[in-house]
Amino acid sequence: MADDNQFISIRIRNTSFLLPANASLGIEQRETLELNSGKGGNAVAWKVVGANKWPAYALDEDLELTSGNAWERVVYVQDGGSVVGLAAENIQIMNRGDIQVQPFLPVGPPPKSGKHIFSSSWIEGNTPVLMFEPSALASYLTVVGGGA
């Protein structure tokens, strides 16, 4: 499905982010997941993979945990042995030729996970779009979701 020449555009509320497509373990539609309907925990849904359940978490535009239901898809990423998903309103595949990603070094201390979650950016019109560093995103989701 995805290769080194593609990116995933992830829309959360009115904010877009990028993820290298080859970092994704899969993109799932809401209908294919087990939803958290009052079962407790911070996950909005789980993907059942054999005997394992991969949690998915919803974040707001400030990347804070939310229980919002305004999501339609989940993109799953991995950090070590942990697989975790980010719920989003919209997810699209973009070709490398359509965007110009530039690496940068984030300033300041990393967030709760201990890793900087952004590694690059792209300017779409006048709007900066930050690109997630995949393993740092997975670590961050695990920490804010309560799994670490």
Side-chain angles (χ1 to χ4, degrees), residues 1-36 42-66 68-107 110-148:
M1 173 182 124
D3 63 33
D4 291 339
N5 292 315
Q6 295 178 323
F7 294 96
I8 300 171
S9 174
I10 302 167
R11 179 166 291 287
I12 300 172
R13 299 202 182 174
N14 292 321
T15 305
S16 291
F17 300 94
L18 290 175
L19 180 71
N22 60 3
S24 167
L25 294 179
I27 298 171
E28 297 291 332
Q29 293 183 357
R30 182 184 188 114
E31 301 82 39
T32 65
L33 300 171
E34 181 182 316
L35 301 179
N36 183 354
N42 293 322
V44 293
W46 295 270
K47 177 179 173 143
V48 178
V49 181
N52 298 315
K53 290 174 84 173
W54 296 350
Y57 299 103
L59 302 178
D60 64 18
E61 63 273 15
D62 295 323
L63 302 181
E64 294 292 329
L65 191 66
T66 182
N69 282 323
W71 60 274
E72 294 300 321
R73 296 181 184 266
V74 171
V75 59
Y76 282 92
V77 292
Q78 183 172 9
D79 179 35
S82 299
V83 178
V84 63
L86 174 59
E89 293 166 17
N90 190 20
I91 294 175
Q92 294 180 316
I93 301 294
M94 300 179 71
N95 291 318
R96 184 175 295 277
D98 296 334
I99 62 176
Q100 285 285 354
V101 173
Q102 299 297 321
F104 70 88
L105 182 62
V107 296
K112 299 173 186 174
S113 65
K115 300 176 183 179
H116 286 287
I117 61 174
F118 300 114
S119 61
S120 305
S121 66
W122 168 51
I123 304 297
E124 181 180 24
N126 293 325
T127 305
V129 179
L130 297 172
M131 184 161 72
F132 290 118
E133 195 294 313
S135 68
L137 173 62
S139 292
Y140 180 76
L141 289 169
T142 300
V143 170
V144 299

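All figures in this text were calculated on a predicted structure; none of them were measured in a lab.
- Proximity of I117 to E133: side-chain heavy atoms (C-beta onward) are nowhere separated by under 4.5 Å.
- Between L18 atom CG and I10 atom CD1 the span is 8.0 Å, to the nearest 0.5 Å.
- Between M94 and W122 the shortest heavy-atom distance is CE-CH2, 3.7 Å.
- The two residues S120 and V101 come nearest to each other via the heavy atoms CB-CG1, 3.2 Å.
- Remark: E28 CD to R73 CZ distance equals 9.5 Å, nearest 0.5 Å.
- For the pair D79 and T142, the minimum side-chain heavy-atom distance is 4.5 Å or more.
- Within 6.0 Å of atom CG in D62, more than 12 heavy atoms from other residues, nucleotides or ligands are found, so the atom counts as buried in its surroundings.
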Take V129 and I99 through the test side chain to side chain contact (heavy atoms under 4.5 Å, CB included) and record every step on the way to the result.
CA-CA 10 Å; V129 179; I99 62 176; over 6 Å; no
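- V44 and A58 get closest at one heavy-atom pair: CG1-CB, 3.8 Å.
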Please report the C-alpha distance between L19 and V77 in whole Å, then the side-chain angles of each, then the deciding distance to 0.1 Å, and finally whether the side chain to side chain contact (heavy atoms under 4.5 Å, CB included) criterion is met.
CA-CA 10 Å; L19 180 71; V77 292; 3.7 Å; yes
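- Taken from NZ in K47 to CG in N52, the straight-line distance is 11.5 Å, to the nearest 0.5 Å.
- Partner of F17 under the side-chain contact (heavy atoms from CB on, under 4.5 Å) criterion, chosen from L63, I8, L59: L63.
- Residue E31 places its CD atom among more than 12 non-hydrogen atoms of other residues, nucleotides or ligands, all under 6.0 Å distant.
- One finds the CZ atom of F132 at 5.0 Å from the CG atom of L137 (value rounded to the nearest 0.5 Å).
- Put simply, CZ on F118 and OH on Y140 are 8.5 Å apart, with the number rounded to the nearest 0.5 Å.
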Could you walk me through whether R13 and E89 satisfy the side chain to side chain contact (heavy atoms under 4.5 Å, CB included) test, starting with their C-alpha distance in whole Å, then the side-chain angles of each, then the deciding distance to 0.1 Å, before giving a yes or no?
CA-CA 7 Å; R13 299 202 182 174; E89 293 166 17; 3.5 Å; yes
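- Atoms CZ and CG, on R30 and L35 in that order, are 5.5 Å from each other to the nearest 0.5 Å.
- Between the Q78 side chain and the V83 main chain, no donor and acceptor come within less than 3.5 Å of each other.
- Between the side chains of T66 and D60, no donor N or O sits under 3.5 Å from an acceptor N or O.
- Here the closest heavy-atom approach between residue S24 and residue I27 is recorded as OG-CG1, 4.1 Å.
- Using cut-offs of 30° and 60° on the angle between ring planes, the pair Y76 and W54 is tilted.
- With R11 contributing its side chain and N14 its backbone, the two residues share a donor-acceptor pair below 3.5 Å.
- Put simply, the side chain of N36 gets close to the backbone of A43: a donor and an acceptor are under 3.5 Å apart.
- Shown here for A87 and I12, the closest heavy-atom pair between the two residues is O-CG1, 4.2 Å.
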